[in-house]
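Data first, discussion second: the structure below is written as structure tokens.
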Amino acid sequence: MAHRKTRVASFIGMALLAFGGTCAAAAKGGEARPWMNPKLSPDQRAELVLKAMTQDEKFHLIRTEFGDNQNGHTMSPGALGSAGYQPALARLGLPAIQESDAGLGVAKPLKLGATALPSGLATAASFDPAMAYAGGAMIGSEAHRRGFNVMLAGGVDLVRDPRNGRNFEYAGEDPLLAGLIVGNAIAGIQSQHLVSTIKHYALNDLETARNTLSANIDKAAARESDLLAFEIAITAGKPGSVMCSYNRVNAVYACEDDWLLNQVLKRDWHYPGFVMSDWGAVHSAAKSVLAGLDQESAGETFDQEVYFDKPLRAAVASGAVPQSRIDDMARRILRSLFAAGAIDHPATQASIDFDADRKVAQRAEEAGAVLLRNQEALLPLSATQSVAVIGGHADKGVLTGGGSSAVQSPQGNAVPGLAPTDWPGPRLYQPSAPLAAIERRARGKVDYASGDDIAAAAKLAAQAKVAVVFVEQWAAESIDAPQLTLPGKQDALVEAVAKANPHTIVVLENNGPLAMPWLNQVGAVLEAWYPGAGGGEAIARLLYGEVDPSGRLPVTWPRDESQLPRPEIPGAALTSMGQPPQGQPAQDVDYNIEGANVGYRWYQHKQREPLFPFGYGLSYTHFDYSDFKPRVEHGRITASFTVTNRGSRAGVDVPQLYVTLPGPGEVRRLAGWCRVSLKPGQSAHLVATADPRLLANFDGQGQHWQQPAGDYQLQLGHSAMSFQGEGKAALPAANWGADASPAGAPQPCVTGGNR
Ligand code: BGC
């Protein structure tokens, strides 16, 4: 990221800063504002504003400035102290643009605080689009009540590597799951009259050298993997904006990539919104604009220069950039603001019900924590047991991931002062202490040891009926984890506690998959991700069986780094902020190693057995599948089946429909799933529909999707590696153009009723 010390003087007059009231149908001087008529379509309204705009006003709209006092920047009066700001265009009745990070809650101003959702991976693990929508609506409502009308939210980069420092912001390795979860989160945010920004487009799947690396991949494989996740999320969520990423793709910077922006996004997917750059991701004026970039973000602070002012004006004057393109950029931005309701329902400061919002976050964590191991039904705990709670600052709160998405609680940081205190820190904890939540439930003795003194922790564990060890792995934007190992002496801590107490339960607060050398020595493991604002309470409710663990892994859990497509992260020796050391060329990443076979598809393709497969997760009860009947209806594959709760407790299950296309070298793909809650002994008859986008391959020569003729193998899975129900369904050959993907948001499941 380039840091400029001097601010570029704003060319906007002070009059433009003065706008503050609600939008009126007519300006004070009686000038008509026909675009304020809400009965007109967003396109019509955008067109009407555009006609009334001067060239300076258009140039005003196509760039934002940094909205905070950092990186040598002094924020403008009117900015809220967040990621991006653009003063109002009062003459036209257009409000200031106020942009806030990010997908897990309102990140800034840090001091005011907001409600933190659990990791994106937790929401994805719920396999519940409605949960994603509820979380989106909650954070969108808080953002609107803080005065924001654009959220930089909706991270859908696929997890190609468990060490990527931003995995906690994303929704896993599968394009259908990630696309539906993120699309629904975006729809939730936009229901609160904000524009939501899907990001980081595209293939920003590692942080190491992110500003320079080239993600190299065959274009057809990209369409079937990372781009498919974007396509599905955009269809489901209709985000007003797309953020192009820092990295290059096949040697071209994402924000000046005609293929990514003009051809795939705007032409093939018919995307009507605008493309904004990531902060410091613009490297040119004419080239970017002609490739499809519509708005430069905070260029005065993070780019080499403000490209979308003087250089772009010069390019228009010379004819290198046509005026029609500047109009298109402005029109797209206006259209998205109208479509989201950001102009009809201006964001204003209003009170926030943090208690109610924390419960939304808590429910997401309860649905997304994954029970990985539970020997001899060690869990759920009984209230009569004495408990030794150890480590992870469990006496104070739960961990949060770092970087621009980090959300601080309105009550402040529960564990202040831990390094790093500066970017990509501060390292934040939500004040939702698991210890207190356990104490509220246990009638037996509860003691706490920090774990700093391993011998003392083991001694405490030996005296209790059960030991619950909290371990943590802080991850953050701009840095990847060098290995899968837990930091510090936490492995030794778990081993010592497990030796002292055979009833040891490990709770993970982490970015995602990591090495667990002690796995076979402990009784139970709960993957809690970064648990969010209600995390302590959610963890205790899960441990005590007040809710059934129902999260299923949205990522494959490798045994070790050697199982990954890239055992070492390319360029791992580079500095953390993505700049190669002096004089060294940038490292590229070869994603052709796995191509479209991301995650579980890679493991099947290479016949590698991971530690835990995608889709895996235990419950306190168990489920049986029967009557599996695939068929073809109206040209679509559906499968009906019965799920029965065979245990003695109520529980939630996620039966998953996998499909393998006919043809050599094909591996299974998640094509649909259901999420169902069942009482003991109860059955449900369900129908999962295979999303047609998963039943085709992209033909790079012909530029179309090709559905091969033949028998499609269908499997009903407890995970991507464990099946109960198999069958076949025949489809004829079909193909459709890159610009003619099936319309509408896919419906992964239809419930046929409980029995
Ligand atoms: C991140 C984006 C974020 C932006 C604004 C960048 O560093 O990559 O995700 O939205 O900053 O804070």
Side-chain angles (χ1 to χ4, degrees), residues 1-3 63-71 73 75 79-86 97-110 114 119-120 139 143 146 148-157 164-171 182 185-186 189 194-213 215 230 239-248 253-255 274-282 295-303 401-408 422-426 475-480 576-579:
M1 206 182 274
H3 293 198
R63 71 179 180 90
T64 53
E65 58 185 65
F66 195 31
D68 206 352
N69 284 322
Q70 273 178 6
N71 297 81
H73 178 78
M75 72 190 207
L80 296 176
S82 192
Y85 173 64
Q86 182 189 88
I97 289 181
Q98 303 278 7
E99 297 177 333
S100 169
D101 284 301
L104 308 179
V106 186
K108 294 239 199 103
L110 193 71
S119 293
I139 64 171
R146 287 271 189 246
F148 293 106
N149 49 18
V150 176
M151 269 202 114
L152 309 174
V156 75
D157 296 271
N164 173 16
R166 295 188 92 169
N167 284 342
F168 71 93
E169 295 187 52
Y170 302 141
V182 171
I186 287 167
I189 291 170
L194 295 91
V195 168
S196 194
T197 309
I198 195 167
K199 63 190 189 182
H200 306 87
Y201 188 69
L203 290 137
N204 189 175
D205 299 341
L206 284 167
E207 290 298 284
T208 305
R210 67 177 180 175
N211 299 70
T212 48
L213 73 78
F230 274 94
S241 176
V242 172
M243 186 188 293
C244 52
S245 54
Y246 287 124
N247 55 290
R248 294 175 293 144
Y253 277 113
C255 292
F274 68 101
V275 179
M276 73 163 76
S277 70
D278 202 341
W279 275 230
V282 186
Q295 192 180 61
E296 181 181 18
S297 308
E300 80 299 327
T301 307
F302 297 110
D303 293 332
S404 60
S405 72
V407 178
Q408 175 157 293
D422 276 332
W423 176 263
E477 175 183 343
S478 81
I479 41 177
D480 295 320
S576 63
M577 277 310 293
Q579 307 296 348

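These figures come from a predicted structure and were not determined experimentally. When a ligand or atom number is given, it counts from 1 through the structure's own listing order.
Where the criterion is an N or O separation shorter than 3.5 Å, residue side chain and backbone included, Asp278 meets it with respect to ligand 1. Close N/O approach between His200 and ligand 1 is found [any backbone or side-chain N/O within under 3.5 Å].
Atoms of ligand 1 lying under 4.0 Å from any heavy atom of Met243, numbered from 1 in the order shown and given with element: 10 (O). Applying the 4.0 Å criterion to heavy atoms of Arg210 picks out, from ligand 1, the atoms 7 (O), 8 (O). Per-residue contacts place Lys199 under 4.0 angstrom from the following atoms of ligand 1 (heavy atoms of the residue considered): 2 (C), 3 (C), 9 (O), 10 (O). Heavy-atom proximity to Arg166, at under 4.0 Å, picks out these atoms of ligand 1: 1 (C), 2 (C), 8 (O), 9 (O). Counting the atoms of ligand 1 from 1 in the order shown, those under 4.0 Å from a heavy atom of Ala83 are 5 (C), 12 (O).
The structure places CD of Glu477 at 8.0 Å from CZ of Phe168, a figure rounded to the nearest 0.5 Å. Residue Leu80 holds its CG atom at 7.5 Å from CE of Met75, rounded to the nearest 0.5 Å. Of the inter-residue distances, the one linking Asn247 atom CG with Leu206 atom CG reads 9.5 Å to the nearest 0.5 angstrom.
Not a single heavy atom of Met151 sits closer than 4.0 Å to an atom of ligand 1. For the ligand labelled ligand 1, residue Glu99 lies outside the 4.0 Å heavy-atom shell. Residue contacts with ligand 1 do not include Glu169, since none of its heavy atoms lies under 4.0 Å from the ligand.
No donor-acceptor pair closer than 3.5 Å links the side chain of Ser100 to the backbone N or O of Met151. Trp279 places a side-chain N or O within donor-acceptor distance of the main-chain N or O of Ala83, the cut-off being under 3.5 Å.
Ion pairing between Asp157 and Arg166 fails under the 4.0 Å rule for side-chain N and carboxylate O. Electrostatic pairing of Asp101 and Lys199 counts as a salt bridge here, judged by a charged N lying under 4.0 Å from a carboxylate O.
Closest heavy-atom approach to atom 12 (O) of ligand 1 within the set Asp68, Asp101, Asn211: this belongs to Asp101.
Ring planes of Tyr201 and Phe230: perpendicular class, angle over 60° (limits at 30 and 60°).
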